[in-house]
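Owing to the predicted nature of the structure, the values given are computational and were not obtained by experimental measurement. Positions are given from 1, in the same order as the sequence printed here.
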Amino acid sequence: MARPEASYEAAVPPRPACTYTSCYCEENVWKLCDYIRNQDRYPLEEFYAVFISNDKRMIPLWKQKSGHGDEPVVWDYHVILLHLSSGEENFIYDLDTVLPFPCPFDVYSVEAFRLDDSLRPEFHRKIRMIRADLYLKTFASDRSHMKDANGKWQKPPPPYPCIETADSKMNLDDFISMNPEVGWGSVFSLSDFVHRFGSQTDYSYSLEGQ
C-alpha cells in the first residue's frame, strides 16, 4: 500500500531552495508562510507557525542538524511549520532537522519530540500555535536577541530587512512565551498537541498536568 506521504505535494520548494538562515528559525518559518501565501497550491489557513519552548527556555529536540548522534539539541526555543492537511495525515516542515522535509507528523513526533515523561520536568515542552495568516500579520523581530552585550552578532543575520509590522519592531518574546495570556495563538502541552494533531493510536503520550 502506498504511504500517505507518497501522494502528498509539498507546499514549499525543496529544502535547499527555501530561504534559510541558521539560528533564525522564527524568520525561516515566516518566510515559508509568506511563500505559501503567494502560491495557490494550498489555503493559507491550513498552516500554523509552531513555537516550542517552556518557562525555563530549555527544550530538547532530537534529529536536529546541529546534534551529534542520538543526542538531543537543547534549544531555548524552536519554530516549525505545521500543515493541517485535508489528507490522511498532517505534516511538519522543519528546516533544521535531518528528517524528511516535509515530514509526516507522526514520524516527527516519534523521532524529534519523543516523550516528555522520560525527561525532567524542567525540560517538558510546550507549544504555541499561531495560524500562518496571523503570524504574517503580527510577528516582528529587530534581531536584537542575537546580539551580545557589545552589540556584536552571535550568529550572522539574514540578508533581507528585519520583519516588522505597523505596531511593532520586536515582539518575539510574546511568541516564545508559553503564557496563554500573552501574545497570539493557542498554547498546549506537547502531549496535548501530539494527541490533537497526530494520527497514531499505538504510540502513547501521557498528559502533563496543566
Side-chain angles (χ1 to χ4, degrees), residues 1-21 24-53 77-97 99-113 126-141 158 160-168 171-172 174-176 178 180 182-201:
M1 192 169 71
R3 295 174 302 165
E5 63 267 29
S7 59
Y8 176 76
E9 187 177 353
V12 300
R15 193 184 333 233
C18 291
T19 301
Y20 175 78
T21 307
Y24 290 83
C25 53
E26 65 280 356
E27 296 196 34
N28 296 334
V29 167
W30 194 97
K31 287 291 189 179
L32 292 178
C33 294
D34 188 45
Y35 179 91
I36 293 164
R37 174 173 59 181
N38 293 328
Q39 306 297 310
D40 57 7
R41 184 171 299 157
Y42 291 109
L44 185 60
E45 57 266 24
E46 293 182 358
F47 294 84
Y48 289 79
V50 175
F51 279 72
I52 310 157
S53 192
Y77 67 94
H78 189 48
V79 191
I80 57 180
L81 182 70
L82 169 64
H83 183 196
L84 298 184
S85 169
S86 57
E88 292 182 28
E89 65 180 319
N90 300 320
F91 285 84
I92 295 285
Y93 292 78
D94 180 1
L95 285 162
D96 292 291
T97 189
L99 294 170
F101 181 85
C103 185
F105 186 98
D106 293 333
V107 174
Y108 193 93
S109 296
V110 172
E111 296 288 338
F113 287 147
K126 289 191 174 181
I127 301 289
R128 179 183 292 272
M129 279 181 65
I130 310 99
R131 222 176 50 215
D133 59 334
L134 185 62
Y135 190 51
L136 288 168
K137 289 176 187 173
T138 56
F139 174 77
S141 175
Y160 51 82
C162 292
I163 298 166
E164 59 183 60
T165 69
D167 297 325
S168 183
N171 57 24
L172 176 60
D174 289 346
F175 290 91
I176 299 171
M178 292 298 142
V182 171
W184 298 267
S186 303
V187 176
F188 302 91
S189 68
L190 176 65
S191 51
D192 282 349
F193 177 72
V194 169
H195 277 302
R196 188 174 295 232
F197 301 111
S199 59
Q200 289 196 168
T201 56

Completion exercise
Rounded to the nearest 0.5 angstrom, the CZ-CG distance for Phe51 and Leu172 is 6.0 Å

Handout entry: Nearest atoms (heavy-atom pairs only) where Asn90 meets Ser85
Key = OD1-N, 3.0 Å

Handout entry: Residue among Ile52, Val79, Asp94, Leu95 satisfying side chain to side chain contact (heavy atoms under 4.5 Å, CB included) with Cys25
Key = Val79

Fill in the blank from the handout: Applying ring pair (Phe, Tyr, Trp, His ring centres under 6.0 Å) to Tyr93 and not counting sequence neighbours gives Phe101

Exercise for the section: Identify, with sequence neighbours excluded, every residue that meets side chain to side chain donor-acceptor pair (under 3.5 Å) alongside Asn28. Expected result: none

Problem - Test ring pair (Phe, Tyr, Trp, His ring centres under 6.0 Å) applied to Phe105 - qualifying residues, sequence neighbours left out - result: Phe193

Problem - Enclosure of Asn38 CG (heavy-atom neighbours >12, cutoff 6.0 Å) - result: yes

Exercise for the section: State, with a plain yes or no, whether a side-chain heavy atom of Ile92 is found less than 4.5 Å away from one of Leu81. Expected result: no

Problem - Test side chain to side chain donor-acceptor pair (under 3.5 Å) applied to Arg37 - qualifying residues, sequence neighbours left out - result: Asp34

Problem - Sequence-distant partners of Tyr135, side chain to side chain donor-acceptor pair (under 3.5 Å), two or more places apart - result: none

Handout entry: Qualifying residues under salt bridge (Lys or Arg N to Asp or Glu O under 4.0 Å), relative to Glu27, sequence neighbours excluded
Key = Arg143

Handout entry: By side chain to side chain donor-acceptor pair (under 3.5 Å) - contacts of Tyr77 (at least two apart)
Key = Glu26, His145

Practice task
Can you measure from CZ (Arg128) to OG (Ser53) and round to the nearest 0.5 angstrom?
Solution key: 10.0 Å

Handout entry: Test side-chain contact (heavy atoms from CB on, under 4.5 Å) applied to Pro180 - qualifying residues, sequence neighbours left out
Key = Val187

Problem - Contacts of Asn171 that satisfy side-chain contact (heavy atoms from CB on, under 4.5 Å) - sequence neighbours left out - result: Phe139, Ala140, Ser168, Asp174, Phe175, Trp184

Exercise for the section: Give the intermediate values and the outcome of side-chain contact (heavy atoms from CB on, under 4.5 Å) for residues Tyr20 and Asp96. Expected result: CA-CA 9 Å; Tyr20 175 78; Asp96 292 291; 2.5 Å; yes

Exercise for the section: Could you note down all residue pairs passing side chain to side chain donor-acceptor pair (under 3.5 Å) where residues 42-52 supplies at least one of them, sequence neighbours left out? Expected result: Glu46-His83

Practice task
Evaluate side-chain contact (heavy atoms from CB on, under 4.5 Å) for Thr165 paired with Thr138, printing each intermediate quantity in order.
Solution key: CA-CA 6 Å; Thr165 69; Thr138 56; 5.5 Å; no

Exercise for the section: Using atom types as modelled and distance alone, determine if a side-chain donor or acceptor of Arg131 lies under 3.5 Å from a backbone N or O of Leu44. Expected result: no

Practice task
Take Thr97 and Cys103 through the test side-chain contact (heavy atoms from CB on, under 4.5 Å) and record every step on the way to the result.
Solution key: CA-CA 10 Å; Thr97 189; Cys103 185; 5.8 Å; no

Handout entry: Leu32 to Cys18 - nearest heavy-atom pair and separation
Key = CD2-SG, 3.9 Å

